[in-house]
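Each remark here refers to the structure printed beneath this line.
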Amino acid sequence: MGPAGGEARPGRFFGVYLLYCLNPRHRGRVYVGFTINPARRVQQHNAGRKKGGAWRTSGRGPWEMVLIVHGFPSAVAALRFEWAWQHPQASRRLAHVGPRLRGEASFAFHLRVLAHMLRAPPWARLPLTLRWLRADFRQDLCPPPPPHVPLAFGPLPPRAPAPRRRASPLVDTEKERDHDTEAFCTLCARVLQDEEGPLCCPHAGCSLRAHVICLAEEFLQEEPGQLLPLEGQCPGCKNSLLWGDLIWLCRMGTEEEEEDLELEEEHWTDMLEI
């Protein structure tokens, strides 16, 4: 299997978090947001609007980030999740979720919505992790998260730096270029082009390299009605692989992309709050 929910993934981070207000005057208020840097983002919220926080949280702190959902494959996927969590009654994916009940605390309502989101398409098939940053706020979700969505606790561990190039565990790409050789898909035997970003099995000793579509079709043989795999057995070493882990390992970002996304985070936050 790939990285566990409690371990740090290398590369880019996209998370959607829930803030809880500790101010006695506003205690119980919550706020849902998107971030690529949880520690920095909560500091901005508590520093106020002029320091990068949101207008809905400005002047009402202190705020505590009590949980975060992470593991999204892109910023767009995380932002769509954030929007639906903020506006469940406007999302066609959540039409089955009832409105906030009379007497239902905002925190409890948001947890109820989250529980249904993790079970609804397309989010039910993403390699997400539900992390409780404050154990004293933890509550069991109903319905519980899918089996492939792990629960994690405590602060996020430091992330490993993102490499500039993903290489197969057993293939020396420099030697490939020097000898003008071509790599082939293990499944269809067609040439793997550099720009296609082949998927590689992370297990030592396995030489699997495959087109994304080829491996997806292989994994989906047991689920013919689905478009996105959850997991499958490696055709090479027969180990179980999570689809999300393969995508992360294949498409890890560069340090430059991280810097760009930090700027984009504030831009997107402003747009969503208009």
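Quantities reported herein were computed from a predicted structural model and do not represent experimental measurements.
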- Item | Verdict with supporting geometry, His70 and Thr129, side chain to side chain donor-acceptor pair (under 3.5 Å) | CA-CA 5 Å; His70 57 94; Thr129 294; 4.6 Å; no

Which residues pass the side chain to side chain contact (heavy atoms under 4.5 Å, CB included) test with [X], sequence neighbours left out?
| X | result |
| --- | --- |
| Arg92 | none |
| Val16 | Val32, Phe72, Ala78, Phe81, Glu82, Trp85 |
| Pro88 | Leu94, Phe109, Val113 |

- Query: Should the pair Tyr31 and Trp63 be assigned to parallel (<30°), tilted (30 to 60°) or perpendicular (>60°) ring geometry?
  - Reply: perpendicular

- Message: Please list all pairs meeting salt bridge (Lys or Arg N to Asp or Glu O under 4.0 Å) that have one or both residues in residues 111-129, counting only residues at least two apart or in different chains.
- Response: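 Listed once each, the pairs are Glu104-Arg112, Arg125-Glu223.
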
- Task: Spell out, as yes or no, whether a donor-acceptor pair under 3.5 Å connects the side chain of Arg131 to the backbone of Gly154.
- Result: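 Confirmed, Arg131 side chain pairs with Gly154 backbone.
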
Just list the side-chain donor-acceptor pairs under 3.5 Å for residues 132-148, sequence neighbours left out, or say none.
residue	atom	partner	partner atom	Å
Arg134	NE	Asp136	OD1	2.8
Arg134	NE	Asp136	OD2	3.4
Arg134	NH2	Asp136	OD2	2.6
His148	NE2	Ala124	O	3.0
His148	NE2	Leu126	O	3.3

- Query: Can you check whether Tyr20 and His110 have ring centres sitting under 6.0 Å from each other?
  - Reply: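 No, ring centres 6.0 Å or more apart.
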
- Go through the structure and list residues passing side-chain hydrogen bond (donor to acceptor under 3.5 Å, both in side chains) with Gln89, not counting sequence neighbours. none

- Test side-chain hydrogen bond (donor to acceptor under 3.5 Å, both in side chains) applied to Thr186 - qualifying residues, sequence neighbours left out: none

- Task: Mind checking the SG-CD spacing from Cys21 to Glu64? Nearest 0.5 Å is all I need.
- Result: 11.0 Å

- Query: Of all heavy-atom pairs between Cys237 and Cys206, which one has the smallest distance, and what is that distance?
  - Reply: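 Answer, listing the atom of Cys237 first, then Cys206: N-SG, 3.7 Å.
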
- Find out if a path of hydrophobic residues (ILVMFWY) with successive side-chain heavy-atom gaps under 4.5 Å connects Val66 to Phe153. yes

- List for me each residue that meets salt bridge (charged side-chain N to carboxylate O under 4.0 Å, His left out) alongside Arg29, sequence neighbours excluded, and say none if there are none. none

- Task: Tell me, please, which residues at least two apart from Arg80 pass salt bridge (charged side-chain N to carboxylate O under 4.0 Å, His left out).
- Result: none

